[in-house]
Novice: 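I am attaching a structure below and will ask some questions about it afterwards.
Counting begins at 1 with the first residue of the sequence.
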Amino acid sequence: MYNIGTVTTTANSTKLVGTGTKWKENINLVLPMQSLQVQIGNTVYNNSIHSIQSNTELTLNFPLPIAQAGAKYVIFTTTMDSISAATNANVAMNVSNVQFSDIQNRIMTETGVIDVKLPDGTVRKTRTEAERDKLLDGKFDKAGGALSGRLSVKESLEIKDSPWPGVTLTLPDNDSVRIEAGRGNDMVYFIYRDKDGKSQNQAVLKRKSGIILTDLDYYKPTGFEGYGGFAHYGRMEARSGRAGVNVNIADDFPVGVTAGITTVKDYGVGSSDAEYGALLTARGWQDPTGASAQGQLLITNVSMYGRTAYKNADNKSQFYIGWKAYTDKNTTKDSNGNLKAASPIIKVFADHIELNEESEGVELEKLDTGRYKLKGVLGMNSDASWGGIHGGMVIPNGINNLPLVWGSFDVLPDGDIIIETRYRKHELNERQEAERLMTYPEFLKDELVEVDTEEGKKEKLLKVEREDYEYCDIPNGHWIDVRVNMPSNSIYNLKQAEAERLAKEAAEKQAEEEAKREAEEAERAEQEAEAQTEQQ
């Protein structure tokens, strides 16, 4: 009996369409002339198969009177307990065995990846034995072997049960090179040994953050009559042109370059807000008295700071020289091309505004001719570098560097700012005045004026110059710079708070990892000391 899937009937038609059926390809031997029943509603209709067109279509011997979709059905592939039932069962088993035999034969004899059709009609891509052999041939054996390609280790390489605590490399001339790590005091040694086991050379890494130096790495400036020297495990050898004195410096003030994440607050160069960034420190010289100097460079998302510090023989700071770089992040060019310190800056044009990163989120409302409202601010910035609160606006200049408009502002109770611009007349000669009015049509207005004509006086609509202090828009191509205060929940302030939080977390994580590493190293050193004691 076969009843997989459902069927769809058409009224007075012998066509039967299946859904999820496999009438053409199955091991249950659905064949023409077999009996079939279809349930439509509460009625079961008896019929028989005339022919099978595909897995999902067959023709009945008699039409069904009612149309129905998703109907249940059953095909009687055998008559139970009959000779035909046993025969069909045997045939189904033989067909299945033949199919599996054919599949196995293809897997064993063909090459590459083949498509195999299973008894239920599904098709799977299968590797042949030849393909499997090809993929396995030349693979590295866990018990050992030769690698002909590049070896890449994602996590870490651990060597166990080796008489040498390291990695052995074989050079083309069969000279074995052994790289091994050993600890002593506060140093980690990387030792090269030849094939006879003799130590030839070594590099040393201090067991804390810092630069890796070999025992002979040094820097000797040539043609330098003052002080030269070389770095040696955190030691500087200073040479005087006259005395040739050698001086060591403290381990916490080594020669070289270090870097890390740090925070700056009042870095000695006028910064008042904490900023996180990358700190680069270069320590470079020491005179025979023990005095030394270093340079530092801090790069943040806002600015760049630097300073040079001088330390005396007691390693105490004597003086430093600090500076702050001006960039497009902490300065702006005003409407007249002058470089000015930047905080939240808004460029107000006649019909729109342009914002910098710190003023992001501010909106403009054009109230009327020459009247603009800045929304989402907390009044004017009172920084003295812009002349205080009343210097928080920069008016654009025109011919002979004369201001184009009068500018004024009013701060509303909620912090929003009303900006007003008015026409500003100047004493110019007629030619310059004409050029000025042609260049800036905003300074003209439409007005009915009486003019003399052949018919007499008549009123005509003409362009006339505005009166001094009359409202006018900001001239096209120019803008007014406005320096404002922003609320604590502004887009920029929220970004800064998040960046500070992430930087603080990174610094704390780095400190935790450093403390963990030092604890592990102390534990290892203790274990090694105990092992050496037991060996003795």
Side-chain angles (χ1 to χ4, degrees), residues 264-265 270-277 299-305 324-368 370-397 403-421 473-503:
V264 57
K265 186 173 181 65
S271 173
S272 60
D273 295 325
E275 298 173 8
Y276 285 86
I299 302 173
T300 74
N301 62 324
V302 175
S303 187
M304 182 167 63
Y305 306 90
K324 179 180 180 180
Y326 288 107
T327 69
D328 60 350
K329 296 299 182 184
N330 57 13
T331 63
T332 184
K333 281 188 176 181
D334 65 21
S335 56
N336 300 314
N338 299 316
L339 194 67
K340 308 199 75 168
S343 61
I345 303 296
I346 303 171
K347 293 182 178 181
V348 182
F349 293 81
D351 56 357
H352 70 284
I353 56 176
E354 290 184 3
L355 308 173
N356 67 356
E357 184 180 14
E358 295 184 48
S359 60
E360 186 178 356
V362 175
E363 296 180 356
L364 171 71
E365 181 181 352
K366 180 76 177 291
L367 302 177
D368 203 345
R371 299 190 73 242
Y372 315 91
K373 183 177 183 181
L374 298 177
K375 299 189 293 186
V377 299
L378 289 179
M380 304 289 284
N381 193 292
S382 59
D383 190 343
S385 66
W386 276 54
I389 186 170
H390 293 288
M393 288 200 315
V394 176
I395 303 301
N397 295 337
L404 293 174
V405 295
W406 296 99
S408 60
F409 70 90
D410 185 26
V411 179
L412 302 181
D414 61 358
D416 289 353
I417 302 174
I418 302 295
I419 303 293
E420 294 185 344
T421 54
D473 279 334
I474 301 169
N476 185 35
H478 295 272
W479 68 87
I480 291 179
D481 296 283
V482 183
R483 192 175 190 191
V484 300
N485 288 319
M486 294 296 291
S488 59
N489 62 348
S490 70
I491 296 174
Y492 175 80
N493 286 333
L494 292 177
K495 287 181 180 178
Q496 287 295 100
E498 178 64 10
E500 182 175 342
R501 183 187 68 80
L502 294 176

Novice: What residues form a salt bridge (charged side-chain N to carboxylate O under 4.0 Å, His left out) with Lys373, not counting sequence neighbours?
Specialist: none
Novice: Please list, chain by chain and in numerical order, all residues satisfying salt bridge (charged side-chain N to carboxylate O under 4.0 Å, His left out) with Asp334, sequence neighbours excluded.
Specialist: none
Novice: In sequence, state the C-alpha distance, the side-chain angles, and the governing distance for Glu365 and Lys375, and then conclude on side chain to side chain contact (heavy atoms under 4.5 Å, CB included).
Specialist: CA-CA 8 Å; Glu365 181 181 352; Lys375 299 189 293 186; 3.7 Å; yes
Novice: Please report the interatomic distance CG(Asp368) to CD(Glu420), rounded to the nearest 0.5 Å.
Specialist: 10.0 Å
Novice: Verify side chain to side chain contact (heavy atoms under 4.5 Å, CB included) between Val484 and Leu378, making sure each step is shown before the conclusion.
Specialist: CA-CA 7 Å; Val484 300; Leu378 289 179; over 6 Å; no
Novice: Only counting residues at least two apart or in another chain, list the ones meeting salt bridge (charged side-chain N to carboxylate O under 4.0 Å, His left out) with Glu354.
Specialist: none
Novice: Name all residues meeting the side chain to side chain donor-acceptor pair (under 3.5 Å) criterion together with Thr332; count only those two or more places apart in sequence or in a different chain, and write none if there are none.
Specialist: none
Novice: Leu355: what forms a side-chain contact (heavy atoms from CB on, under 4.5 Å) with it, not counting sequence neighbours?
Specialist: Ile346, Ile353, Ser359, Val362
Novice: Any salt bridge (charged side-chain N to carboxylate O under 4.0 Å, His left out) pairs touching residues 335-352, not counting sequence neighbours?
Specialist: none
Novice: Mind checking side chain to side chain donor-acceptor pair (under 3.5 Å) for Asn336 and listing every partner two or more places apart, or none if nothing turns up?
Specialist: none
Novice: Once side chain to side chain donor-acceptor pair (under 3.5 Å) is applied, do any residues pair with Asn381, and if so which ones, sequence neighbours excluded?
Specialist: Asn485
Novice: Tell me, with the steps shown, if Val405 and Ile474 meet side chain to side chain contact (heavy atoms under 4.5 Å, CB included).
Specialist: CA-CA 7 Å; Val405 295; Ile474 301 169; 5.6 Å; no
Novice: Of all heavy-atom pairs between Trp479 and Ser335, which one has the smallest distance, and what is that distance?
Specialist: O-CB, 3.1 Å
Novice: Atom CD1 in Ile395, atom CD1 in Ile480: separation rounded to 0.5 Å?
Specialist: 4.0 Å
Novice: Would you sort out whether Phe349 and Leu364 count as a side chain to side chain contact (heavy atoms under 4.5 Å, CB included), showing the intermediate values?
Specialist: CA-CA 10 Å; Phe349 293 81; Leu364 171 71; over 6 Å; no
Novice: Quick one: salt bridge (charged side-chain N to carboxylate O under 4.0 Å, His left out) pairs with a partner in residues 477-493, sequence neighbours left out?
Specialist: Asp383-Arg483
Novice: Could you pull out every donor-acceptor pair under 3.5 Å between side chains of residues 408-417 and any protein atom, sequence neighbours left out?
Specialist:
unit_1: Asp414; atom_1: OD1; unit_2: Asp416; atom_2: N; d: 3.0
unit_1: Asp416; atom_1: OD1; unit_2: Gly376; atom_2: N; d: 3.1

Novice: Quick check for you: to the nearest 0.5 Å, what is the distance between Asn493 atom CG and Glu358 atom CD?
Specialist: 8.0 Å
Novice: Count the heavy atoms of every other residue, nucleotide or ligand shown that sit under 6.0 Å from NZ of Lys366, and state whether that count exceeds 12.
Specialist: yes
Novice: Suppose we screen for side chain to side chain donor-acceptor pair (under 3.5 Å). Which residues come up paired with Glu363, at least two apart in sequence or across chains?
Specialist: none
Novice: Any side-chain heavy atom of Lys333 sitting closer than 4.5 Å to one from Asn338?
Specialist: no
Novice: According to salt bridge (charged side-chain N to carboxylate O under 4.0 Å, His left out), who are the partners of Lys495, at least two apart in sequence or on a separate chain?
Specialist: Glu360
Novice: Can you tell me how far apart CD1 (Ile345) and CG (Asn356) are? Round to the nearest 0.5 Å.
Specialist: 6.0 Å
